[in-house]
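Read the structure below first, then the notes.
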There are 2 protein chains.
Amino acid sequence: MMARRNDHSRDELQQMALQAAERLLDEQGAEALSTRKIAAAIGYSVGSLYQLFRNYDDLCWQINSRTLQQLLQALAPHDGKPPREALKAYALGYLQFAGQQPQRWSLLFEHRSPAELATPVELDGAIAQLFGLIEQPLAALLPEQPAQEIELAARTLWSGVHGVAVLSSKDKLFHADPGSAGRMVTDLIDRYLDGWRG
Amino acid sequence: MMARRNDHSRDELQQMALQAAERLLDEQGAEALSTRKIAAAIGYSVGSLYQLFRNYDDLCWQINSRTLQQLLQALAPHDGKPPREALKAYALGYLQFAGQQPQRWSLLFEHRSPAELATPVELDGAIAQLFGLIEQPLAALLPEQPAQEIELAARTLWSGVHGVAVLSSKDKLFHADPGSAGRMVTDLIDRYLDGWRG
DNA sequence: GAAAGATAGTGAACAGCGTTTAATTTGTAA
DNA sequence: TTACAAATTAAACGCTGTTCACTATCTTTC
């Protein structure tokens, strides 16, 4: 009744585990995630999980990598818009994603790994990709600025949007109005961009 | 050789525990914090800790409350400055604090408690206090704006600064220049404020 | 001062966690 | 059919937060 070798390939098993983990994450939060629960959810023992993932942090990173891909996909449709609208649409999409996927968002930005384990390059790359997305409309809006200035402005502006998303997702903005976060990011973008005109 | 009732009062013990916890936190990170280590550090057993704190989250919240007080104290000296300088000084102080106390900062903003446990009012109050600190110079800079608008602008601007601090403390800004975070927050404040002139 | 009561303090226990490993089952190849 | 290799498991280790019966200590009362 145990040890079925050809039921699923390694990759299939990996996908099954990640999906089960994401389900648990969504339903019970990051605190409740555990290797044993994930293993039980796919009908395997804990030890088998360790043939698919190097350790628990590796598993979390793979979830985060998928989350980041989904986030980038959610932002993609706003590609062709006029620069300022594109920036606002990215920001609102960012906010919306954080609001709709609170647990995955939380795992993405709050998962602490032991200091000695470095975050995988793949994850960092996706974040860099996100910054790159912002640079394009920003460069269009500030044509006289050198690339380096655009780079810094993109990071500045997007850090700001990220900050709103973070505090908003934790209900730390102290504003009863649920739409205030949206107004805040569009306001931030408008003011910041207008500030460059002077 | 055990059970010394009059060596320390309840309050003394509580302070000892919090100090020991902060020391462990600073030296080994939030991951390494544990009730047993804290108890051992003050020469008591685990069970005794539970007479001082309702649970581990309560202990973390008390650490966070102290951290927040220290942060507010670090910002206090910039009270009297001209509005725009005050805002920048607050922002730089915020950044500096995050950089100098990375572990406490991390615990403050990333400690996840089981969802059913609500964050204590005391903590929320300190965050509200922080927002209030920003509203003053902002109101001076935008005298024609109604109080509600100032409130929202303070949250917007400070969320932005917070975002820079968060990404900066995690080295997710991808900027070799270590001073770039400082330039980013002052840039953010300047542009945002200038944006209001139009 | 002795007895009684209250409480600070203990340490073992429980259930859970991530992780490793010896042993076993399975599929494949000789 | 036998031998080998790989997948899978169960048990174990050391850790975690938390609880609880028990003991040692102090305080109060007689």
Side-chain angles (χ1 to χ4, degrees), chain A residues 1-18 20-21 24-25 27-64 107 110-117 120, chain B residues 1-18 20-21 24-25 27-64 107 110-117 120:
Chain A
M1 67 190 288
M2 44 199 78
R4 308 124 295 174
R5 300 232 297 212
N6 285 345
D7 283 12
H8 307 283
S9 72
R10 238 187 101 94
D11 282 353
E12 276 177 338
L13 270 178
Q14 196 145 163
Q15 296 306 312
M16 286 167 58
L18 288 173
L24 279 167
L25 174 61
E27 289 175 353
Q28 308 192 40
E31 294 290 301
L33 254 193
S34 82
T35 56
R36 284 173 172 83
K37 285 185 193 166
I38 297 169
I42 61 172
Y44 280 75
S45 71
V46 216
S48 291
L49 264 194
Y50 281 80
Q51 212 135 6
L52 306 171
F53 306 96
R54 301 214 325 284
N55 49 40
Y56 181 71
D57 287 299
D58 182 30
L59 195 155
C60 285
W61 283 331
Q62 294 205 30
I63 295 177
N64 285 342
L107 189 73
E110 291 173 23
H111 176 64
R112 277 197 297 259
S113 310
E116 66 270 16
L117 279 151
Chain B
M1 68 190 290
M2 42 198 80
R4 310 124 293 175
R5 301 232 299 210
N6 286 346
D7 283 12
H8 307 284
S9 72
R10 242 187 97 93
D11 284 354
E12 275 177 340
L13 270 178
Q14 195 145 164
Q15 297 305 312
M16 287 167 59
L18 287 173
L24 279 167
L25 174 61
E27 289 175 355
Q28 308 193 40
E31 295 289 302
L33 254 193
S34 82
T35 55
R36 282 174 172 83
K37 285 184 192 163
I38 297 168
I42 61 172
Y44 280 75
S45 71
V46 216
S48 292
L49 263 195
Y50 281 79
Q51 213 136 10
L52 306 171
F53 306 96
R54 299 215 324 283
N55 48 41
Y56 182 69
D57 288 298
D58 182 30
L59 196 155
C60 285
W61 283 330
Q62 293 204 30
I63 295 176
N64 285 343
L107 190 73
E110 290 174 23
H111 175 63
R112 275 197 299 260
S113 310
E116 65 271 15
L117 279 151

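Convention: sequence-line order gives letters A, B, ...; per-chain numbering from 1.
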Find the distance between CD (B:Glu27) and CG (B:Leu24) and round it off to the nearest 0.5 Å.
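Result: 7.0 Å between the selected atoms.
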
As an exercise, state the distance from CD1 of A:Ile38 to CG of A:Leu18, rounded to the nearest 0.5 Å.
8.5 Å

Carefully, step by step, assess A:His8 and A:Tyr44 under the rule side chain to side chain contact (heavy atoms under 4.5 Å, CB included).
CA-CA 11 Å; A:His8 307 283; A:Tyr44 280 75; 3.6 Å; yes

For A:Leu13, answer base if it contacts any base atom (sugar-phosphate contacts may also be present), sugar-phosphate if it contacts only those atoms, and nothing otherwise; contact means non-hydrogen atoms under 4.0 Å.
sugar-phosphate

Separation of atom [atom1] in [X] from atom [atom2] in [N], rounded to whole Å:
X	N	atom1	atom2	answer
A:Leu49	D:dT8	CG	C1'	12 Å
B:Asp11	C:dA8	CG	P	12 Å
A:Glu31	C:dG18	CD	P	11 Å
A:Asp7	D:dT8	CG	P	8 Å
B:Tyr44	D:dT25	OH	P	13 Å
B:Phe53	D:dT19	CZ	C1'	18 Å
A:Leu24	C:dC17	CG	C1'	15 Å
B:Asn55	C:dG16	CG	P	18 Å

Begin with the C-alpha distance, continue with both residues' side-chain angles, and end with the deciding distance and a verdict on side chain to side chain contact (heavy atoms under 4.5 Å, CB included) for A:His111 and A:Asp57.
CA-CA 9 Å; A:His111 176 64; A:Asp57 287 299; 2.8 Å; yes

Of B:Arg10 and B:Val46, whose nearest nucleotide on DNA chain C comes first from the 5' end?
B:Arg10

Kindly give the heavy-atom pair with the smallest separation between [X] and [Y], and that separation in Å.
X	Y	answer
B:Ala32	B:Lys37	O-NZ, 2.9 Å
A:Leu33	A:Ala21	CD2-O, 3.6 Å
B:Ala30	B:Tyr56	O-OH, 4.3 Å
A:Val46	A:Thr35	CG1-OG1, 3.6 Å
A:Ala20	A:Ile42	CB-CG2, 3.8 Å

Are OP1 or OP2 of D:dT8 and a side-chain N or O of A:Ser48 less than 4.0 angstrom apart?
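For D:dT8, neither OP1 nor OP2 has a side-chain N or O of A:Ser48 closer than 4.0 Å.
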
Between protein and nucleotides 5-7 of chain C, what N or O pairs are separated by less than 3.5 Å?
{"unit_1": "C:dT7", "atom_1": "O2", "unit_2": "B:Arg5", "atom_2": "NH1", "d": "2.4"}

List, with names and distances, any nitrogen or oxygen atoms from the protein found under 3.5 Å away from nitrogen or oxygen atoms belonging to nucleotides 13-16 of chain D.
{"unit_1": "D:dT16", "atom_1": "OP1", "unit_2": "B:Ser34", "atom_2": "OG", "d": "3.2"}

Proximal nucleotide (of D:dT8, D:dT19, C:dT20) relative to the B:Tyr50 side chain
D:dT19

